[in-house]
Each structure stands twice: as structure tokens, then as C-alpha cells.
Amino acid sequence: MMRKTSVILLSAATGAALTLFVTQPRAVLMGSSARAATSDTYRQLNLFGDVFERVRSDYVEKPDDSKLVESAISGMLTGLDPHSSYMDAKSFRDMQVQTRGEFGGLGIEVTMEDGLIKVVSPIDDTPASKAGIMANDIITTLDDEAVQGLTLNQAVEKMRGPVNTKIKLKIIRKGQDNPIDVTLVRDNIRVRSVRARVEADDIAYIRITTFNEQTTEGLKKEITNLQGQIGDKLKGYVIDLRNNPGGLLEEAVTVSDSFLERGEIVSTRGRNAEETQRRAAHPGDLTKGKPVIVLINGGSASASEIVAGALQDHKRATLVGTRSFGKGSVQTIIPLGSGNGALRLTTARYYTPSGKSIQAKGIVPDIEVLQDVPEELKARTDTKGEASLRGHLKNDGDEKTGSQSYVPPDAKDDKALKMADDLLHGIKSTSSAPAAPEAARDKAAVDKPGNKAAN
């Protein structure tokens, strides 16, 4: 992404140099209509200046000038499409932490429950796990400051910090009469975007939750570990991309490359034809040609769809589940200088190897499998996908709504996983697998994931 930004800046500099030679002839050729358009733009900017000054002088309370400017920038960007936005300095730093997948912290996944900060689980080999922090512990204070009343993000921000700095936690644990005081030293924490297990004794199950800078490395490690555990009886791989919202384009490319020997993975096309970029696979399939099943659903978006689309188009994997979200655009992060945050700007659409744009349509699985959604969740589990977002980029032809994205918490109730197991064991084939009724295919039933954060 930074490399693309540099090209844009270089092009701008080159254009400025050429202007010295072409400005005068071009002004004659452009004629009055172009000059009128330029004049109209400056008139609109003057209007903005007039409104800005009126707000500063007449608003009921004295406004913060910097907040007014930030709000104006934010409004301009959000008016383009749902994925372009302005990030202030803090939001930009948070985004960098998220995409790096590592930070200074304690190694605890926490959630908010009834206004309290509750430990979901400690991460292995981190300060939290070494100190004996356990799932379901309730954190009541951080450095003697009560956490009740804080938001989840505020609590996480307090627990994160520079490596080798100390923080004191007070914990309430079920079965203990008195609170437990624990002092931890922050360490470098890596977010696990890839988790894996052996399924049915002979299937390698790999779950990818996001695409950050650690994802490809984590995938390679898990593939090696699973091959060692299962050995020669390995039937194939299940790659679970359900409810994966995406992440870095580069990681989507390298993850796809891990399963391919050759061929295009994705192409990105900007406003100008010369901005088209094509990414191709390199020899070396880490799975050694074993069958691959990819699980997708209505929550699989962006980078997830790049991987699913590439493996489907090359017939390297069978896709099982429900239609994906349909986010077929690429955003470039453009830093604005020290303390000024960054732009998140939609700069291109992406296309699968067959040349298909999935924008506002999504990827249709080879085998559609609907889950049984608990009755109590049906009323509040609904998603519409990219096509329902106000201001989304349009696509040719019929746009599609979202689809079911509920994943049962217990694997034994997971119909899509059961289908994948049956396919890899030869119990069912792609030709014999049942298709979902047409009336049911567009029924959206989504289990929105709980509000969790690692710190």
C-alpha cells in the first residue's frame, strides 16, 4: 500500500514538471467550459470558507477549529463510498496495530459483560498466561483505577503499552474469597490470526480470522504442524474464512499463493488503465496437491473473497457455505504527515482470475449449505451485504443481498463443516450435494460475533 502511495506522489511530481511546458497550449485547447468548471470549483471552496467562518463566529458555543476541519474532511470522504474515511492520529495508530498483528501488551483476550471486563482467554506464552490469569476472571482495576464505567476499547488501551513496562491488575475469580493482585510486565504480543486443529483424525482444519502481517507466516506454520500430526493419512484441508472481514491485500495474495502452483490470483484496476496491476502465483503448493475445501458465508469479505475467488476460479478448492459479503474494492492508506492521521481511500476495484468483479454481488459457493439458526437469534441476526450499504460502488447487472453468516458454536452442529468432512472422505461429491431451496438462499440469518479484543 505504501508503495502505491509513493507512485502516486511520483506521478504528481512528474506532472508538475510537465506543466511548465504544456500549461499555455492546454489552456487554449481547453476552452471556456474547462475554465468554467475550474471557476465553479473555486466558488464552492469559497462557499466552504464562508460557512466555516459563520460557524466559528455564530455557533451557540465556541467550536474547536481543528474538529470542524476534521469533520469536514470526514464528511467529504464518507460521501464517496462506505469504505473511504479519514482517520485521526489515534485511529491511524490503532489501524497500524491491527494490520501489524503485534503490539506491546499482556496477552489477554477480553470482552465486556454487564459493564465488567471479563477474560475470555489468555494467549499462550504471554505475560498473562505465565501469571496464571484464567478464563472468566473479572478485571476490576488497572493500576488502582476502577475499570467499571470504561468502554472495552478504553480498557484495552490501558492494558496495552510499551514493552517492558509494568501494570497492576486486581482480579475477582470465582471460588476465591478475596481479590487477586497481579503485576504484569508488558511484552510483544502477536495476534493469532490463524488457528488450526485435526478434524476427524485425518483432516487439517485451519481457521483464518483476519488478514494481518502475521497471517501467511501463521498459515505456513499450521500447515507444517498438521502435516506432522496427521502424516500419510491426511485426506485434505478445510480453510475456514467464515466471518473473516478481510485485511491486507498482500496477505490475501500470499495466502492464495500457498495453495497454487501458477496463474493469476487477482487484478486491481483503478480509474486509469495504466494503474491496473496483476498478481500471479509462484510454484510451490504447500499442501502438495491435497484436496481443499473453503468455507465462506455472508461475513466473509474483502481479502477473504480474494482468496476464495482465486481458489474457486482455478478449481483448486471447493467452496462450501453461503454467498460472501461482496466487497470488491481496494483501499489505500495515505498518511498525511506527523500528527495529521491518514486517508483511507478507495483507489481500485479488484477482479478474480476469470475477470469477474464481485462488488455488491459476492462469491457464490459451489455447494450452498444453510445452518440451523436458534430461534432466539433469528430476530436480531440479519445482514444485507455490500449491496445494502449507502453509497456503495455499483456493479453491472443484478446486485445481490447478503446471506446467512451464522456459525454454530459447537462443531457438531456445523452443517457446512460436516459437508466439508463428507466431501473429503468421499461420502458426498460436488455433483450429489444438495442445493438449498431458492426461497431459502436469500434469507439472511446472521450471528453477529461478540465484542472481543486482544490486548
Side-chain angles (χ1 to χ4, degrees), residues 194-209 215 218-244 255-261 281 284-300 304-305 307-324 363-374 403-437 440-441 445 447:
V194 182
R195 288 178 167 81
R197 67 173 186 263
V198 177
E199 181 76 21
D201 295 327
D202 55 3
I203 292 174
Y205 171 89
I206 301 174
R207 167 98 174 105
I208 302 177
T209 57
T215 300
L219 175 66
K220 292 178 179 179
K221 178 181 177 182
E222 295 297 353
I223 288 176
T224 300
N225 289 342
L226 289 166
Q227 288 173 344
Q229 289 180 56
I230 301 174
D232 294 338
K233 62 181 180 180
L234 177 62
K235 294 289 187 183
Y237 294 79
V238 176
I239 309 301
D240 193 345
L241 299 179
R242 292 176 296 181
N243 294 333
N244 181 325
V255 165
S256 301
D257 197 358
S258 300
F259 301 95
L260 296 170
E261 291 283 359
D285 176 1
L286 297 183
T287 63
K288 302 174 184 177
K290 289 285 187 180
V292 176
I293 307 293
V294 175
L295 305 182
I296 61 171
N297 66 9
S300 305
S304 301
E305 294 173 294
V307 175
L311 299 186
Q312 184 183 51
D313 279 6
H314 285 292
K315 301 189 184 306
R316 180 63 189 90
T318 299
L319 270 55
V320 173
T322 57
R323 185 174 51 249
S324 64
I363 292 175
V364 178
D366 301 298
I367 301 173
E368 193 160 20
V369 177
L370 292 175
Q371 304 284 356
D372 294 329
V373 183
S403 67
Q404 187 186 86
S405 57
Y406 173 74
V407 178
D410 193 330
K412 67 179 177 59
D413 300 322
D414 192 338
K415 288 187 171 183
L417 181 58
K418 177 64 166 57
M419 175 63 73
D421 286 357
D422 288 348
L423 290 170
L424 291 174
H425 286 122
I427 297 173
K428 290 184 179 178
S429 66
T430 55
S431 59
S432 63
R441 291 179 185 176
D447 180 27

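Here the structure is a predicted model, which is why all the values come from computation and not from measurement.
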Any pair counted as side chain to side chain donor-acceptor pair (under 3.5 Å), so long as it reaches residues 408-420, sequence neighbours left out: R242-D414, Q371-D414, D372-K415, K418-D422
Pairs flagged by side chain to side chain donor-acceptor pair (under 3.5 Å) wherever residues 221-235 is involved - sequence neighbours left out: Q227-Y237
Heavy-atom side-chain proximity of I367 to L423 below 4.5 angstrom: yes
Donor + acceptor pair across side chains of S300, S324 (<3.5 Å): no
Point-to-point distance, once rounded to the nearest 0.5 Å, from CD1 of I239 to CD1 of I223: 6.0 Å
Side-chain H-bond candidate by donor/acceptor type, N297 with S405, under 3.5 Å: no
Test side chain to side chain donor-acceptor pair (under 3.5 Å) applied to R197 - qualifying residues, sequence neighbours left out: E199
Heavy-atom neighbours of K290 NZ exceed 12 at 6.0 Å: yes
Verdict with reasoning, N243 to V407, per side chain to side chain contact (heavy atoms under 4.5 Å, CB included): CA-CA 8 Å; N243 294 333; V407 178; 3.7 Å; yes
Counterpart residues, salt bridge (charged side-chain N to carboxylate O under 4.0 Å, His left out), relative to D202 (two or more places apart): none
Test side chain to side chain contact (heavy atoms under 4.5 Å, CB included) applied to L241 and L319, L295, V307, the passing residue: V307
Heavy-atom side-chain contact between V320 and V294 under 4.5 Å: no
Between CG on residue L219 and CD1 on residue I206, distance to nearest 0.5 Å: 5.5 Å
Sequence-distant partners of S258, side chain to side chain donor-acceptor pair (under 3.5 Å), two or more places apart: none
Sidechain-backbone polar pair: E368 side chain, G321 backbone, donor-acceptor under 3.5 Å: no
Which residues share a side-chain contact (heavy atoms from CB on, under 4.5 Å) with P374, sequence neighbours left out: E376, L377, Y406
side-chain contact (heavy atoms from CB on, under 4.5 Å) involving D313 - partner list, sequence neighbours excluded: T352, P353, S354
Residues in side-chain contact (heavy atoms from CB on, under 4.5 Å) contact with T215, at least two apart in sequence or another chain: S193, V194, I208, F211, N212, E251, V255
With sequence neighbours excluded, residues passing side chain to side chain donor-acceptor pair (under 3.5 Å) with R207: none
